[in-house]
Amino acid sequence: MYEHFFQCPYCWEEISVLLDPSISHQTYIEDCEVCCRPIEFHVSFENSELVGFEARDIEQ
């Protein structure tokens with residue numbers, strides 16, 4: 001597993017997520033551990049290296 005730190009798009013707190021480098025392209029939703037609002041993640045790995053990471057708010 002790969003730990004990646006980023007800023008929540010809602011509360012701006014620095015939090016981390018665990019990413020699985022064995023899956024080359026991932027899209028999923030997970031709640032912020034601070035403010036509990038849903039974040040949409042887009043993650044890309046190449047040769048087990050993180051090459052793309054985007055965490056965005058889900059406008060409702």
With a 3.5 Å cut-off and sequence neighbours excluded, list the donor-acceptor pairs that the side chains of residues 11-20 form with protein atoms.
unit_1, atom_1, unit_2, atom_2, d
Ser16, OG, Glu3, OE2, 3.0
Asp20, OD1, Ser22, N, 3.0
Asp20, OD1, Ser22, OG, 2.7
Asp20, OD2, Ser22, OG, 3.1

| query | For the rings on Phe45 and Phe53, is their centre-to-centre separation under 6.0 Å? | reply | no

| query | Is the backbone N or O of His42 less than 3.5 Å from a side-chain atom of Tyr28, with the two atoms forming a donor-acceptor pair by type? | reply | no

| query | Where do Glu54 and Phe41 land on the side chain to side chain contact (heavy atoms under 4.5 Å, CB included) test, with the steps shown first? | reply | CA-CA 6 Å; Glu54 183 180 9; Phe41 294 95; over 6 Å; no

| note | Closest heavy-atom pair, Asp57 versus Pro9, reported as atoms and distance to 0.1 Å, is N-CG, 3.6 Å

| Those residues that, when tested against Ser44, pass side-chain contact (heavy atoms from CB on, under 4.5 Å) (two or more places apart) | His25, Val51

| Counting only heavy atoms not in Glu46, do more than 12 sit closer than 6.0 Å to its CD atom? | no

| request: Report the distance from atom CD1 of Ile39 to atom CZ of Phe6, rounding to the nearest 0.5 Å. | output: 4.5 Å

| When rounded to the nearest 0.5 angstrom, what is the spacing between CG in Asp31 and OH in Tyr10? | 9.0 Å

